[in-house]
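Reminder, nothing fancy here: chain letters follow the sequence lines and each chain counts from 1.
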There are 2 protein chains.
Amino acid sequence: MLSVTEKGESMERATIYSIASSLGISASTVSRAFSRPDMVKSSVREAVLAKAEEVGYQPNRAARGLATGQTGVFGLLIPDITNPFFPPFVRAVQHAAGQYDSEILLIDSGRSQNAEEDLVRRIRPQVDGLIIASPRLPSGRLKKLLTGIPSVVVNRAVRGLPAVLCDNSTALRQAADHLYQLRHRKFALLRGPSTAWAAVQRARAVREWAEGRTDIEFTELGPIEAQFADGRAAATGVVDSGATAILAFDDLMAAGVIAGLSDLGETVPRDRSIVGCDDVLLAQTMTPSLTTVTAPLTDLGQQAVTTLRAVLAGQPVRDLRLQGELALRGTVAPPRRRRR
Amino acid sequence: MLSVTEKGESMERATIYSIASSLGISASTVSRAFSRPDMVKSSVREAVLAKAEEVGYQPNRAARGLATGQTGVFGLLIPDITNPFFPPFVRAVQHAAGQYDSEILLIDSGRSQNAEEDLVRRIRPQVDGLIIASPRLPSGRLKKLLTGIPSVVVNRAVRGLPAVLCDNSTALRQAADHLYQLRHRKFALLRGPSTAWAAVQRARAVREWAEGRTDIEFTELGPIEAQFADGRAAATGVVDSGATAILAFDDLMAAGVIAGLSDLGETVPRDRSIVGCDDVLLAQTMTPSLTTVTAPLTDLGQQAVTTLRAVLAGQPVRDLRLQGELALRGTVAPPRRRRR
DNA sequence: CCACTACTTGCAATCGCTTGCAGACTAGGC
DNA sequence: GCCTAGTCTGCAAGCGATTGCAAGTAGTGG
C-alpha cells in the first residue's frame with residue numbers, strides 16, 4: 001500500500017509537499033532547507049537535501065516566481081544575432097548568468113527600433129532584468145521604455161541608464177597612426193549606421209585624429225549599415241575617394257569592402273589597406289586576416305551580468321568602459337607607389 | 001478616498017482582480033476574456049480588453065504557469081553559439097516561437113557532453129519543450145536524458161526522437177562531381193568530429209561517391225574539430241596527401257584550411273580547390289567567397305518550432321529532412337598543371 | 001525548579017491565474 | 001405561460017512555492 005503510494009508519487013514531479021510528507025515534516029521546513037538553510041537544524045536539512053536528491057526534486061520556478069516575484073531569468077535583447085559581434089557576447093552573458101542560477105531569454109530585434117519597443121514590452125513581465133545591447137532607439141524613447149525594469153545597456157551610453165561600454169577610440173587612433181607611419185596619406189572613414197552609438201563614437205575618434213593633421217586627405221563616407229553587402233557596395237566610393245587607407249566601422253563592413261574592391265580588380269593589402277573594428281570571428285578567419293580593433297566581448301558580457309545584478313540588488317553602479325586594442329594583422333601594408 | 005485607491009492600484013501591476021473590480025465583474029470572467037474569449041459575452045469581453053489596454057495589463061506568466069503547468073518558454077540548446085552555423089538558426093527559432101507567443105531560453109553547452117546533460121536537467125523544469133541542436137551525446141544517453149520532456153532534435157537522427165535534419169549528401173556529391181569535371185583527380189575529405197552526426201553523414205556521402213570511381217585518389221583526414229584553428233592545422237595534412245580538391249566538413253574548417261594553406265605559401269583556388277558546407281556568413285564574406293553546400297538554416301529553425309509544437313499537441317510527427325544545395329563560388333577552379 | 005532567551009518548526013495566508021461546477025438568465029418551442 | 005436548452009457568469013479550489021507569526025523545544029541563569 002505504502003509502496004504503491006511512494007511509487008505513484010515518484011512518478012509525479014516531486015514538490016516540497018511530497019518531500020515533506022515522506023519525511024514527516026512540514027513543507028515550510030523543506031522550503032527553508034533550500035532557501036534559508038541556516039534556519040533549519042542541520043540534521044533535518046541534510047535529510048531534506050538527501051531526499052530531494054533521491055527523488056530528483058527541482059523547485060518549480062513558476063511557483064517560486066509567483067511567491068517571490070522573481071523569475072530567475074534575464075532578458076537579453078540584441079539587434080542581430082547574425083552579426084558576428086554578438087554570439088561571443090551572448091555566450092558570455094549566458095555563462096555568467098548561469099553562475100547565478102539564472103537563465104537567459106534571448107530576443108533578436110532584427111535591427112528594428114519598433115521591434116525593440118515591442119519586444120521589451122513583451123518580455124518585461126517575464127524577466128527580472130534586461131540586458132539590452134546596442135539599442136537603436138533614440139535616448140528618450142529608450143529611457144522611457146526601460147523605466148520600471150532593472151536594466152543595463154551595453155555598447156551605448158544613455159544618461160541615467162547603467163551602461164557597459166567598449167571604448168576603442170584610443171586603439172582606433174593607434175590604427176590611424178600606424179597607417180600614417182606606413183606612409184598612407186589618403187584616408188577614408190566608413191561610418192556606421194547613424195542610430196548606432198558606437199558608430200558615432202568611432203567616427204568622432206577618427207575624425208579628431210584626422211583634424212590634427214594637415215598633411216593628409218580625409219574623406220568620410222556613410223552612414224553605411226553594418227552589413228557585408230553594404231560594405232561591398234561602398235567599395236566604389238572608396239575607390240573614388242582615392243583613399244589608400246580605410247577605416248571601416250566594423251569588421252563586417254570591412255569584409256564587404258574587401259569583397260567590393262576585389263570586384264573592382266583590387267587586392268588588399270596590395271592596393272589599399274583596411275582596418276576593421278570588433279575582431280569578430282570573421283576577422284580572424286579570413287585570409288589574409290583582418291587588421292582590426294579588438295572588443296573584449298567576453299568581459300563585456302560578464303560585466304553586463306555583474307552590473308545587472310548590482311542594479312537588482314539596489315547597489316549603486318558606475319558605467320563601465322572597457323578598452324579595445326589594436327590587432328595588427330594582414331590587411332595593412334605600405335601604400336603602393338601609384339602611377340600618376 | 002476612492003481616487004487614492006485607484007491611484008495606488010494603477011501604480012501596482014494590474015491583475016485580473018484589479019480589472020475585475022474596476023469593472024464590477026469577477027476575475028474569472030476577466031481571465032476568460034483572454035484565455036477563452038468565446039465563452040464571454042462580446043460586450044463584456046470588449047470592456048475587459050479595453051480596460052486591460054488602458055491600465056497596461058499583462059498576464060503574470062508565473063501565475064499562469066503555476067495554474068496551467070505551461071511556461072510559454074522553449075529551451076534551445078546549442079553546442080556553440082560562436083559557430084556561425086547557429087546564429088541564423090537561433091534567430092529563426094526565436095522568431096518562429098514569437099509567433100506563438102513563446103520565448104526562447106538559450107543555452108550554450110560549449111560543445112561539452114556533460115554540459116549538455118547538466119544544462120538540460122537544469123532548464124527542464126522551466127520550459128515547455130526543448131529544441132536541441134547538434135547534440136554530441138551518444139544516442140542512448142541522449143534518449144534517456146530527453147525522456148519526459150517534449151523535445152525535437154535538430155541536425156541529428158536518433159531513433160525514437162523527433163528530428164529535423166539537413167541532408168546534404170546529394171549536394172555534396174554534386175560538389176564532388178563538379179570538382180571531378182574540372183579534372184581534379186586527387187581528393188581529400190576532412191571529416192568533422194566523430195560525435196557529430198552531420199560529420200558522419202557527410203563523410204559517408206562523399207566516401208560513397210569516391211568508392212564508385214577507380215580513377216581518383218581519395219584521402220580521408222580527421223576527425224577534426226569544426227573550428228578554424230583545427231582546420232588551419234590540418235592544411236599540412238592536405239598538402240601531404242597531394243589532394244588538389246578538398247571537401248571540408250564545414251565552412252569554418254574550410255576557412256581554416258585556406259588560412260593554413262596560405263601559411264604554406266599556397267593560394268586558393270589557384271593551388272587547390274576547396275568546398276565547405278553550411279554556407280555560413282563566413283562563406284559569403286570571405287574573399288574569394290567559399291564554394292559550399294548551403295544549409296536551409298531558417299527553414300530548419302522554423303520547422304524545429306513547428307515540430308515541437310506538434311509534439312506538445314500530442315500530434316504524430318515525422319522526421320523532416322531538408323535539402324542543402326550546392327553554391328558555386330570562388331574557391332573552386334581547375335587544378336593547376338603541376339611540375340612533375 | 002522556574003522564567004527567559006534562542007532556535008526550530010508548523011500553520012496558514014498569499015502570489016495571480018485557470019477551470020470544474022453550479023446557478024442565473026435568456027430565448028425559443030409548444 | 002411553462003419548460004428546456006443554451007449562454008454567461010461567479011464561486012471556490014487548486015497550482016507549488018515563500019514567509020510572517022505563533023507555538024514548541026531546549027538550553028541557561030537565577
Side-chain angles (χ1 to χ4, degrees), chain A residues 9-49 51-52 55-73 101-103 124-128, chain B residues 8-49 51-52 55-73 101-102 124-128:
Chain A
E9 281 181 3
S10 77
M11 295 289 89
E12 300 291 312
R13 208 142 108 51
T15 70
I16 52 170
Y17 295 98
S18 68
I19 292 180
S21 74
S22 78
L23 250 38
I25 60 178
S26 88
S28 350
T29 301
V30 176
S31 171
R32 280 190 275 254
F34 291 104
S35 46
R36 302 253 264 281
D38 48 310
M39 280 184 69
V40 169
K41 204 191 339 180
S42 61
S43 61
V44 176
R45 186 192 330 137
E46 277 155 30
V48 170
L49 264 28
K51 192 75 189 176
V55 300
Y57 167 75
Q58 289 192 275
N60 179 321
R61 293 270 191 156
R64 175 179 297 185
L66 183 54
T68 63
Q70 302 259 289
T71 62
V73 175
D101 209 32
S102 295
E103 313 302 336
R124 181 166 29 189
Q126 311 186 49
V127 300
D128 291 341
Chain B
E9 280 181 3
S10 77
M11 296 290 89
E12 299 292 311
R13 211 144 104 51
T15 69
I16 53 171
Y17 292 99
S18 67
I19 292 180
S21 74
S22 77
L23 249 37
I25 60 180
S26 89
S28 349
T29 302
V30 176
S31 171
R32 280 191 275 255
F34 290 104
S35 46
R36 301 254 265 281
D38 48 309
M39 280 184 70
V40 169
K41 203 185 350 176
S42 60
S43 60
V44 177
R45 187 191 330 136
E46 277 154 30
V48 170
L49 263 29
K51 192 74 189 177
V55 300
Y57 168 75
Q58 289 192 276
N60 178 321
R61 292 269 192 156
R64 176 177 295 184
L66 184 54
T68 63
Q70 302 259 287
T71 61
V73 176
D101 208 33
S102 295
R124 181 166 31 188
Q126 311 186 49
V127 300
D128 292 340

- With sequence neighbours excluded, residues passing side-chain contact (heavy atoms from CB on, under 4.5 Å) with S42(B):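 Once residues adjacent in sequence are excluded, the partners of S42(B) under the side-chain contact (heavy atoms from CB on, under 4.5 Å) criterion are R45(B), E46(B).
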- So how far off straight is the helix from dC1(C)-dG30(D) to dC30(C)-dG1(D), going by the axes through five pairs at either end, to 10°?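 The end axes of the helix from dC1(C)-dG30(D) to dC30(C)-dG1(D) are about 50° apart, to the nearest 10°.
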- Query: Between P59(B) and R13(B), what is the shortest heavy-atom contact and its length?
  - Reply: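 Here P59(B) and R13(B) meet closest at O-NH2, 4.3 Å.
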- Message: Testing the basics here: between V55(B) and A14(B), what is the closest heavy-atom pair and its distance to 0.1 Å?
- Response: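 Shortest heavy-atom contact: CG2-CB, 3.7 Å.
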- Assign a letter to each nucleotide of nucleotides 13-26 of chain C from its 5' end: B, base within under 4.0 Å of a protein heavy atom; S, sugar-phosphate only; -, no contact. --BBBBBB------
- Euclidean distance, atom CG of residue L23(A) to atom C1' of dT9(C) [Å, nearest integer]: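 Going from CG in L23(A) over to C1' in dT9(C) covers 14 Å.
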- Give the rounded distance in Å between these two atoms: CZ of R45(B) and C1' of dT7(D).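 It is 13 Å, rounded to the nearest whole Å.
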Which atom pairs, donor and acceptor, lie under 3.5 Å between side-chain atoms of residues 64-72 of chain B and protein residues at least two apart or in another chain?
unit_1, atom_1, unit_2, atom_2, d
T68(B), OG1, R64(B), O, 2.8
T68(B), OG1, Q70(B), N, 3.1
T71(B), OG1, V73(B), N, 3.1
T71(B), OG1, Q126(B), O, 3.3
T71(B), OG1, D128(B), N, 3.3
T71(B), OG1, D128(B), OD1, 3.0

Do any side-chain atoms of residues 25-38 of chain B form donor-acceptor pairs under 3.5 angstrom with protein atoms, and if so which ones, sequence neighbours left out?
unit_1, atom_1, unit_2, atom_2, d
S26(B), OG, S28(B), N, 3.3
S26(B), OG, S28(B), OG, 3.3
S26(B), OG, T29(B), N, 3.4
S26(B), OG, T29(B), OG1, 3.4
S35(B), OG, S31(B), O, 2.9

- Item | Which residues share a salt bridge (Lys or Arg N to Asp or Glu O under 4.0 Å) with R61(B), sequence neighbours left out |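 Scan of R61(B) (salt bridge (Lys or Arg N to Asp or Glu O under 4.0 Å), adjacent residues dropped) gives D101(B).
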- Can you find a pair of side-chain heavy atoms, one from T15(B) and one from N60(B), that are under 4.5 Å apart?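 Counting from C-beta outward, T15(B) and N60(B) never come under 4.5 Å.
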